[in-house]
2 protein chains.
Amino acid sequence: MNIKDIAKMCNLSVATISRVINNDPKVADSTRKKVLTAIDKYKFVPNITGRSLRTQKSNKILVLLPTMSNQFYSEIIQGIEETAEEKGYAILVAVTNLQEHQEIKYLHMLRMKHVDGCISLFNTLDSEAISSLAKNYPFVQCCEPTMGADVSSVEINNRQAVYDVVKQFINRGHKTIGMISGEYYKSSELGRETGYKDALNDFGLKFDKNLLVKNFYRYEDGSVGAKKLMSNNPKPTAIVCASDSLALGATSYLKSQGLIVGKDICVMGFDNTAITMYTSPTISSINQPRYDLGKESFKLLYEKLLDINSTNKKIILPYQIIHRESTGCKP
Amino acid sequence: MNIKDIAKMCNLSVATISRVINNDPKVADSTRKKVLTAIDKYKFVPNITGRSLRTQKSNKILVLLPTMSNQFYSEIIQGIEETAEEKGYAILVAVTNLQEHQEIKYLHMLRMKHVDGCISLFNTLDSEAISSLAKNYPFVQCCEPTMGADVSSVEINNRQAVYDVVKQFINRGHKTIGMISGEYYKSSELGRETGYKDALNDFGLKFDKNLLVKNFYRYEDGSVGAKKLMSNNPKPTAIVCASDSLALGATSYLKSQGLIVGKDICVMGFDNTAITMYTSPTISSINQPRYDLGKESFKLLYEKLLDINSTNKKIILPYQIIHRESTGCKP
DNA sequence: TCCTTCTATTTAAACGTTTACATTTATATT
DNA sequence: AATATAAATGTAAACGTTTAAATAGAAGGA
């Protein structure tokens, strides 16, 4: 059942059928009604491949994900999905597992016009490659803009978020504050570290490189990180982590050492994923507006879909610091 | 840059170029070499839409996911992805959020031949709809086959897994064993509950409906479930949960009541997701071979891609019971 | 030489749409 | 009634491939 069959059934040309399908106003009401009934009767659905070939559009966008095993991305994708659907775009999720060759492979879909655009949550390519990509294809970075790249992006102010947290710790009297971060040397990570250092500096504490440990973002890296920090002299009384998993791993180690987290020592996570509320102690965290990060990313992408030469925008969304037991809040 | 351009550059017809691309042996070695150099030189990549239109194949398969916020699926998808890639298929992940209209919308991609096949991790449609779908399109269910449907599927023996766990509990002297399950009334869930009941029955304990609580699979449902179970008389000394999140929620409640989980009461999770190792106590769990579940699913799908009339197969993969602190294993 | 057989290549149609342009039909204006 | 204008519809090309069928060319056999 294709457009030709419908045309035959209605004694019309395929062009008219196509016009009805595409809501072209230049078709008589009676004809339109006739066509719609036929379409309905035969449950005709236009072949998307034929349409794509002709229009040179796929009406699909690619979402590039570093990993599938992080709760954090789930709601972002939902934000993208729902906004994209309103505009008639379907989304296609691809996982790079942080591998450059995978990233290149999937980005190829963009160059092949297999998808009309891409929202990327993590890139390994350098700023030059990203800038060039963004100049030629609709491309937006979400949460993790490549530093120095000329590209539209949406994120929170990572530096400020950690700055605020450290400032709060200092105001509460903490004199030794540690940080467990990652070592991807990416924008969000460096921002968070800068916030940490700047706050120490601005409020009279000296940055000690032994109090900033860097590794991956797994639970175990949090444990190892906490162990390292606690071997310092003086020991920290508060630890800021670059993710909730790090915070959880750290908490797990601290508890194993007989410390009461939230009383003897404070721990702050990042991302406010669901797990933070179901551990003991519950983990304080910095909330990112995940749904809106996704939503705004698609909006930016949509501007590029309409006009590839539209100017690049950098959107910064607000965050919230949420205190739970791990920073001493009563349950 | 399309196949025509390459043809022109090589003074050959497009047919010959196409043959080279598709490794047709009927092309002279010298010609092949010439074409390949040109393809290489101009970085030509065949347009996938044109090819799809002509071959009526998309070389894409859809993976239908109930939710993005479950660690469990991540490795399954990787198993599908890597196996699919070997056969030249790309995968497209869609999330239904358990909504039937979303499921229908995405399954439409199958009927529209927008994708060549589908592996589904969860379906709301009834057995008749699934059987009919599977008869007409390459379709495989992974982990959650629709009961009574004639369809290829891969899963573990859920009944046996819980049966074994309960049997172990009984052998260790537990006399009152509770279960926290979901209420989707799906195959895996009912299997797990049956395993629970059967084991009680086979080893001389009587099934008490107050000791089986059903709800969703969120952390909080685990907490609420545990509370309900502990209000029973006699109180359970062991609890089997239908997921790790339920187990974690339950543990969180039990601890809040001053119980030492792993000593005063045992808790068993399900799925062996990463979190189980980073909580305290660490959570015992039933491991599903996630990567292989994905891999075998694609293999089954591939059989259907080659021959839609090939017979449906039901594959059962092995599981492992992994004891950690929550069932009394020392760290 | 002529025929046969095989191999390598070309030709042209097909896949299912959309759309610029052409044509027909209806309506309004004189 | 004749003409101009507007509205509705049709025609045919185009998108980029693959592939059955046709053709050309080479090699071998008589």
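A, B, ... follow the sequence lines: proteins, then strands. Residue 1 opens every chain.
With no hydrogens or angles considered, a side-chain donor-acceptor pair links T146(B) and Q141(B) at under 3.5 Å. A donor and an acceptor atom, one from each side chain of E103(B) and N123(B), are located under 3.5 Å apart.
Of all the heavy atoms in S131(A) and G148(A), the pair that sits closest is OG-O, 4.4 Å.
The side chain of Q56(A) places no N or O atom within less than 4.0 Å of a non-bridging phosphate oxygen (OP1 or OP2) of dT18(C). The shortest distance between the side-chain N/O atoms of N47(A) and the OP1/OP2 oxygens of dC15(C) is not below 4.0 Å. Between N2(B) and dG16(D), a side-chain N or O to OP1/OP2 separation shorter than 4.0 Å is present. Taking side-chain N and O atoms only, R51(B) has a distance below 4.0 Å to OP1 or OP2 of dT18(D).
Taking the side chain of L53(B) as heavy atoms from C-beta on, and the options dT18(D), dG16(C), dC21(C), the nearest nucleotide is dG16(C). Which of dT17(C), dT9(C), dT17(D) sits closest to the side chain of F44(A) comes down to dT17(C). Side-chain proximity of S13(A) to dC15(D), dA8(C), dT11(D): nearest is dT11(D). Here dT19(C) is the nucleotide among dG16(D), dT18(D), dT19(C) with the atom lying nearest to any side-chain atom of R54(A). Relative to the side chain of R19(B), the nucleotides dT18(C), dT9(C), dT17(D) differ in distance, and dT9(C) lies closest. Comparing dA8(C), dT17(D), dT9(D) by their closest approach to the side chain of K26(B) singles out dA8(C). Side-chain proximity of A15(A) to dC15(C), dT19(C), dT10(C): nearest is dT19(C).
When the nearest nucleotides of DNA chain C are assigned to S18(A) and G50(B) by heavy-atom distance, the more 5′-ward of the two goes with G50(B).
Taking atom CG of residue D5(A) and atom P of nucleotide dG16(C), one finds them 9 Å apart after rounding to whole Å. In this entry the distance linking NZ of K8(A) with P of dG16(C) reads 12 Å, nearest Å. We find that CG of D29(A) is positioned 13 Å from P of dA7(D), with the value rounded to whole Å.
Using the six-membered ring where Trp is involved, F122(B) and Y184(B) have ring planes that are perpendicular, over 60° apart on the 30 and 60° scheme.
Using a 4.0 Å heavy-atom criterion, one finds that S52(A) contacts no nucleic acid atom at all. Within 4.0 Å of V35(A), counting heavy atoms only, lies no atom of the nucleic acid at all. Using a 4.0 Å heavy-atom cutoff across all strands shown, T16(A) reaches sugar-phosphate atoms only and no base atom. Using a 4.0 Å heavy-atom cutoff across all strands shown, V20(A) reaches no nucleic acid atom at all. Residue I48(A) is classed as having no contact, given no heavy-atom separation below 4.0 Å to the nucleic acid. Among the atoms of the strands shown, only primed sugar atoms or phosphate atoms (P, OP1, OP2) are found under 4.0 Å from some heavy atom of T55(B).
Panel note: side chain N312(B), backbone D150(B); a donor-acceptor pair is recorded below 3.5 Å.
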